[in-house]
Amino acid sequence: MKEYTPLDSLKGIGEKTKQIFCRAGIESVGDLLHYFPRVYDTLKEPTAISEVTEDEVQAVCASLEGEPRTVYARARQTTTGLLREGEAYLYVIWYHMPYMKNALKRGSRYVFRGRVTRRSGRLMMEQPAVYTAEDYERARKALQPVYPLCEGLTNKMLQKAIRQALDDPELTEEYLPQEIRKSLGLADYAFALEQIHFPKDRKTLVFARHRLVFDEFYTFLLAVQSLREDRAKKPAAFPMKEPEGLDALAARLDFQLTRAQERVWREIRADLASDRACARLIQGDVGSGKTILAFLAMIFTAENGFQSALMVPTEVLAVQHFHALTELLDKLGLPFHAELLTGSLTAKQKREALERIKTGEADFAVGTHALIQDKVSFDRLALVITDEQHRFGVRQREALGEKGGLPHTLVMSATPIPRTLAVILYGDLDISVVDELPAHRLPIKNCVVDTRYRQKAWEFIKKEADKGHQAYVICPMVEESEGMEAENVQDYARRIAEALPAWIQVGILHGRMKPREKNEIMDRFLRNEIQVLVSTTVVEVGVNVPNATVMMVENAERFGLAQLHQLRGRVGRGKDQSYCIMVHSTDSRRIRERLEILNHSNDGFYIAEEDLKLRGPGDLFGVRQSGIAGFKIGDVFQDAGILAEAKKAVESCPVEPQMREKACRYWNLNKDKLNL
């Protein structure tokens with residue numbers, strides 16, 4: 001078999017089972033072997049029911065008292081049973097698993113393992129795994145892989161299929177040059193795959209994971225190197241000259257560019273006027289003024305008679321950029337036309353917009369993913385800009401670029417990545433850093449507190465609303481979930497509305513809402529018709545609301561530092577003092593230390609560097625934590641050392657055609673997932 005062999009070539013996987021695997025993104029045996037565990041679990045000695053503690057995963061050995069019962073309530077199916085040991089008892093509950101009723105025999109002893117919680121005054125174990133005593137004892141001797149699952153897919157199904165695939169030597173054939181493996185002391189490929197799925201112990205797991213992380217980074221960097229080499233060979237398809245009066249144009253802005261903006265603007269101008277296609281990343285902290293640089297680059301392009309396109313991840317942001325661009329053109333008295341293209345336009349509006357873009361009547365196109373649809377064609381697209389670029393897959397950005405032959409490319413990112421990592425990850429791009437905030441921006445005042453401070457925080461939000469200001473409150477979930485103890489938008493909005501005066505309007509926003517609904521809510525918030533917006537992280541990339549002065553984040557420990565910093569950047573955009581309140585619900589000293597980094601600094605790049613130091617190379621059992629790049633197993637923060645190793649290997653060792661082919665195949669297969 002080959003890595004691309006269809007999954008149903010394995011024994012026991014028919015059409016129905018294949019569809020279940022496909023829901024998890026597993027379509028080939030290669031996908032299966034590289035479907036890595038989410039975490040690894042170790043099983044402890046079962047404890048007595050009388051000694052179980054709340055909010056911990058534990059195991060108890062007991063027999064069911066009576067038959068399990070399955071009931072239906074509020075469209076939710078639950079199966080419950082009762083375990084008793086003397087005077088102590090414990091309820092077990094499974095959601096949407098009615099087969100447990102027949103799987104368990106009354107009077108037989110089992111080991112039940114799951115998280116113990118207290119609800120309505122009763123101790124209960126939710127979604128416990130069930131073992132015979134013998135099976136549990138065997139499982140205790142090894143690390144247990146826990147995979148990301150979807151409906152119908154179980155750990156056992158995955159393990160059975162993976163074991164079968166590992167038995168095929170053709171699938172686990174070594175492909176890395178021996179010189180690289182020997183110099184870096186890397187594990188054999190077959191051994192690494194075996195141990196990542198079925199580890200002998202922690203030490204062996206770390207050894208295996210190192211090899212597979214190296215492989216992923218190495219193939220990625222080979223592909224990036226090829227991209228850069230290919231780009232360097234091609235002349236600019238749209239040669240431009242520096243327009244007359246460009247400096248005078250920038251001088252007519254309502255504000256003065258910072259020194260950092262002026263430096264990056266000079267770099268962009270030089271790129272656009274060179275004989276090679278521009279490919280530049282503009283990295284800048286939240287609020288550093290990257291957008292005006294994009295607008296100036298678009299004006300530069302229009303002055304040369306060409307079109308440009310700006311793609312952003314949300315309709316709300318597209319509308320904001322469109323209005324800001326048209327206002328700028330009016331103020332500067334420039335004769336250029338901007339067109340907005342989003343999914344919520346009516347059929348007539350969309351048809352007319354597409355025609356103006358196609359004929360060249362529109363000099364600028366601002367929009368969402370709608371810009372890359374097949375129906376969109378440009379007359380002379382010479383500049384492509386993607387804002388908040390980490391929200392787009394590589395393939396999406398390429399699709400926009402392909403509409404203009406080989407246009408100049410600018411990608412903008414507010415995700416704080418240490419420069420040492422950025423230089424490696426974005427090896428096919430030149431990098432500019434806007435490392436200075438506008439002078440009028442007041443530093444945000446931060447505080448990290450536990451849930452006991454919540455009432456005071458609400459009182460503070462009321463005081464800010466009394467001054468005419470507004471607040472965001474971020475929750476990690478949309479609605480209550482049986483499997484997660486965390487604040488949710490629906491319940492939280494109701495509670496805070498009850499706690500605040502009736503004149504303070506509370507709105508909700510989340511990703512399940514339709515685009516039109518989200519736009520309406522954000523428009524009302526922008527007009528101050530809503531004073532408190534309770535939302536999920538969909539506001540991480542949102543409209544500019546200068547009147548918002550408070551960002552309150554519940555369950556802050558559930559978010560990465562980069563994401564928290566992005567959320568904090570939603571406030572502090574006006575002339576008034578702004579505040580960020582991060583509420584945690586954990587006793588973990590390590591998590592509190594990470595949050596304190598944000599508490600003491602508003603500098604995204606400093607935060608990224610400190611986060612890198614704090615994580616270190618030992619943070620293994622999350623597999624990927626940063627969320628940056630979208631690698632399957634590698635994490636650019638915790639595995640920064642391996643990333644550097646891979647970079648050195650790419651630069652120092654000759655690459656065989658077979659390896660370069662593998663790298664290109666990796667790139668093509670993962671473009672949709674790599675959100676670089």
Side-chain angles (χ1 to χ4, degrees), residues 257-258 260-272 277-301 308-322 324-325 328 338 364-369 371-372 381-394 396-401 404 407-419 421-423 425-438 540-544 562-563 565-566 569-570 573 604-605 608 627-630 674-676:
L257 295 178
T258 64
Q261 285 175 311
E262 287 178 347
R263 183 186 69 248
V264 175
W265 176 220
R266 286 194 299 271
E267 292 168 347
I268 295 171
R269 288 161 65 171
D271 281 348
L272 295 176
C278 161
R280 183 169 293 276
L281 166 69
I282 304 174
Q283 237 188 329
D285 217 337
V286 178
S288 62
K290 299 181 296 298
T291 304
I292 188 61
L293 296 176
F295 289 171
L296 289 173
M298 295 168 81
I299 291 170
F300 185 115
T301 304
S308 53
L310 172 60
M311 185 167 69
V312 300
T314 67
E315 287 206 13
V316 172
L317 193 56
V319 171
Q320 180 188 350
H321 280 345
F322 171 74
L325 178 58
L328 178 66
F364 312 123
V366 180
T368 57
H369 299 78
L371 286 172
I372 60 176
L381 180 62
L383 174 64
V384 168
I385 305 173
T386 51
D387 192 12
E388 301 294 350
Q389 57 82 35
H390 62 286
R391 292 301 187 94
F392 296 105
V394 175
Q396 292 169 320
R397 296 204 306 276
E398 277 193 351
L400 181 56
H408 298 282
T409 303
L410 292 177
V411 292
M412 302 194 294
S413 174
T415 302
I417 306 174
R419 186 166 178 82
L421 297 183
V423 168
L425 285 171
Y426 302 107
D428 63 320
L429 303 174
D430 297 313
I431 300 176
S432 294
V433 179
V434 186
D435 52 4
E436 184 181 0
L437 292 177
E540 182 184 350
V541 178
V543 297
N544 186 17
Q563 191 171 35
H565 182 62
Q566 290 267 29
R570 292 298 101 209
R573 292 172 169 261
F605 293 99
I628 295 170
L674 289 167
N675 54 351
L676 289 164

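What's counted below: heavy atoms across the whole structure, side chains too, no hydrogens, waters or symmetry copies. Because the structure is predicted, anything quoted here is derived from the model rather than measured.
Of the N and O atoms on the side chains of Asp387 and His321, at least one donor lies less than 3.5 Å from an acceptor on the other residue. In the model, Glu267 has a side-chain atom that pairs as donor or acceptor with a side-chain atom of Ser432 under 3.5 Å.
Side-chain atoms of Phe300 and Phe295, non-hydrogen and from C-beta on, never get closer than 4.5 Å to each other. When side chains are defined from C-beta on, Val411 counts as touching Leu429, because their heavy atoms get closer than 4.5 Å. Proximity of Asp435 to Asp285: side-chain heavy atoms (C-beta onward) are nowhere separated by under 4.5 Å. The side-chain heavy atoms of Ile268 and Leu410, taken from C-beta on, include a pair separated by under 4.5 Å. Side-chain contact between Leu293 and Gln261 is present, with at least one heavy-atom pair separated by less than 4.5 Å. Counting heavy atoms from C-beta outward, Thr301 and Phe364 have side chains that stay 4.5 Å or more apart. Put simply, the side chain of Pro407 reaches to within 4.5 Å of the side chain of Val384, judged on heavy atoms. Looking only at side-chain heavy atoms (C-beta outward), Thr368 and Met311 stay at 4.5 Å or farther from each other.
Atoms CG and CE, on Leu328 and Met298 in that order, are 10.5 Å from each other to the nearest 0.5 Å. Atoms OG1 and CG, from Thr386 and Leu310 in turn, are 8.5 Å apart once rounded to the nearest 0.5 Å. In this structure, Ile299 CD1 and Leu325 CG are separated by 7.0 Å, a value rounded to the nearest 0.5 Å. The line from CG of Leu281 to OG of Ser413 is 6.0 Å long, rounded to the nearest 0.5 Å.
Judged purely by atom type and a 3.5 angstrom limit, Arg280 has no side-chain atom pairing as donor or acceptor with the backbone of Val264. Checking side-chain atoms of Gln320 against main-chain N and O of Asn544 turns up a donor-acceptor pair under 3.5 Å. Listed for the Lys290 side chain is no donor-acceptor partner under 3.5 Å among the backbone atoms of Met412. A donor-acceptor contact shorter than 3.5 Å links the side chain of Glu436 to the backbone of Ala260.
Nearest heavy atom pair, residue Ala365 against residue Leu371, reads CB-CD2, 3.9 Å.
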